[in-house]
Amino acid sequence: MNFNDLLYEKKDGIAIIMINRSEVLNAFRALTVKELIKAFQLAWDDQDIGAVILTGSGKRAFCSGGDQKVKNETGYDGAGGLGGGLGLEIQTLHQMIRQIPKPVIAAVNGYAIGGGHVLHVICDLTIAAETAVFGQTGPKVGSYDAGYGTAYLARVIGEKKAREIWYLCEQYDAREAKEMGLVNKIVPEEQLMEAALEWAEKIVNKSPTALKMIKYSFNADSANIEGIAQLAMGSLPLYIQTEEAAEGRRAFQEKREADYRKFRKS
Ligand code: 2NE
């Protein structure tokens, strides 16, 4: 299958899905998300594939989240608003990564920021390059992923740290991420893909049914978050129509700090 925003490669039973939009630090637009869903479906249906690696092209970024250059008050594809949703099938993508019955390894080769950070959090395992940088930006740019991005993150690293990440919107290096349990392993940048392939090979040689059931049992314990994600993503199209959200979006596009003070209500 040919993709526009991705590269899809198969290697000894491993699928490598690479977001290929390095000019925007691998931010995703509507097409990218559609293609990611198709790529995960391809890996799901392929009986040769036992593990998936998700990564980004270039040296600067894994993924910088939703493409802020195409976003406006009607969402990411101009079809949003009250009836149309966000214009990004992001919730379906999250479900694919969680439900594909094969372990997914995030190979984080740079920035994992905003919705890009959420993607690695949802993956089963994360291997980070020493140069990787992690963080959420929603409250800075007028957005939120208050489903897996918050509730599942808190499961992974604990409530205090998850709240810190979302409230302060700061960036964390690979060592800090490892300390908080956000990543499994750190390797030098040039060894990242080799390390991800090594873990994927170990996985591919294990019982597929045992791995599938183990993944589903881990998922079952946090399955209620799906409902929280639905509420969060359902409310986001309403929020992005507001002046408050527009201030964050414009500030990013105009390369300035957002001024939210006038939007504070008692
Ligand atoms: C990632 C970060 C921190 C990097 O900063 P820096 O200074 O190292 O690079 P720079 O110059 O900002 O970025 C390089 C180029 O990539 C573009 C930039 O605009 C810049 O382009 P030019 O000025 O050279 O033309 N770029 C970077 N990220 C982009 C993005 N997401 N969309 C479009 N263009 C992008 C810094 O760039 C940063 O903070 N980026 C924005 C991160 C962000 O806020 N992402 C969206 C969060 S909301 C979200 O993902 C979401 C959600 O909350 C709910 C549902 C779905 C999605």
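When reading the values below, keep in mind they use all heavy atoms of this one structure, side chains included, and skip hydrogens, waters and symmetry mates. When a residue number appears, it is its place in the shown sequence, counting from 1. Indexing begins at 1, ligand by ligand and atom by atom, following the structure's order.
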Going by distance alone, is a donor N or O of one side chain under 3.5 Å from an acceptor N or O of the other, for [X] and [Y]?
X    : Y    : value
Q68  : Y76  : yes
R98  : S222 : yes
E226 : Y148 : yes
E201 : N205 : no

Salt-bridged, [X] to [Y], with N to O below 4.0 Å?
X    : Y    : value
D5   : K34  : no
D124 : K102 : no
K160 : E164 : no
E244 : R264 : no

By number and element, which atoms of ligand 1 are closer than 4.0 Å to a non-hydrogen atom of [X]?
X    : value
Y144 : 53 (O), 54 (C)
I113 : 42 (C)
A27  : 30 (C), 31 (N), 32 (N)
G65  : 50 (O)

Counting only heavy atoms, which portion of [X] has something under 4.0 Å from ligand 1: side chain, backbone, both, or neither?
X    : answer
Y239 : neither
L236 : side chain
D67  : both

* Among I240, V33, T74, whose side-chain contact (heavy atoms from CB on, under 4.5 Å) with L86 holds? ->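 Among I240, V33, T74, the one that satisfies the side-chain contact (heavy atoms from CB on, under 4.5 Å) with L86 is I240.
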Can you report which non-hydrogen protein atom sits closest to [atom], along with the distance?
atom                    : value
atom 23 (O) of ligand 1 : K255 NZ, 2.5 Å
atom 37 (O) of ligand 1 : L25 CD1, 3.9 Å
atom 47 (C) of ligand 1 : T137 OG1, 3.2 Å
atom 22 (P) of ligand 1 : K69 NZ, 3.5 Å
atom 36 (C) of ligand 1 : F252 CE1, 4.6 Å
atom 42 (C) of ligand 1 : S64 O, 3.5 Å
atom 52 (C) of ligand 1 : S143 OG, 3.1 Å
atom 8 (O) of ligand 1  : R60 NH2, 2.6 Å

* **CD (Q47) with more than 12 external heavy atoms under 6.0 Å** =>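 Atom CD in Q47 is not crowded, with 12 or fewer foreign heavy atoms closer than 6.0 Å.
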* Verify the neighbour count for atom OH of Y239: are there more than 12 heavy atoms of other residues, nucleotides or ligands below 6.0 Å? =>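 More than 12 heavy atoms, drawn from other residues, nucleotides or ligands, come within 6.0 Å of this atom.
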Do any non-hydrogen protein atoms sit less than 4.0 Å from [atom]?
atom                    : result
atom 27 (C) of ligand 1 : yes
atom 45 (N) of ligand 1 : yes
atom 5 (O) of ligand 1  : yes
atom 19 (O) of ligand 1 : yes

Is [X] close to ligand 1, meaning an N/O of one under 3.5 Å from an N/O of the other?
X    : result
G66  : yes
Y76  : no
Q171 : no

* Does any N or O in the side chain of S64 come within less than 3.5 Å of the main-chain N or O of N26, such that one atom is a donor and the other an acceptor? ->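 No, because the side chain of S64 does not come within donor-acceptor range (under 3.5 Å) of the backbone of N26.
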* Pick, from H94, Q136, E23, the option with the minimum heavy-atom distance to atom 15 (C) of ligand 1. =>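 That would be E23.
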* Given A112, G147, G115, which one has a non-hydrogen atom that is nearest to atom 49 (C) of ligand 1? ->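 Heavy atom nearest to atom 49 (C) of ligand 1 belongs to G115.
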* Asked: Please walk me through it: do E247 and R256 pass salt bridge (Lys or Arg N to Asp or Glu O under 4.0 Å)?
  -> CA-CA 10 Å; E247 168 59 12; R256 62 169 171 83; 2.8 Å; yes
* **Result of checking E73, E243, E257 against R250 for salt bridge (charged side-chain N to carboxylate O under 4.0 Å, His left out)** =>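 The passing option is E243.
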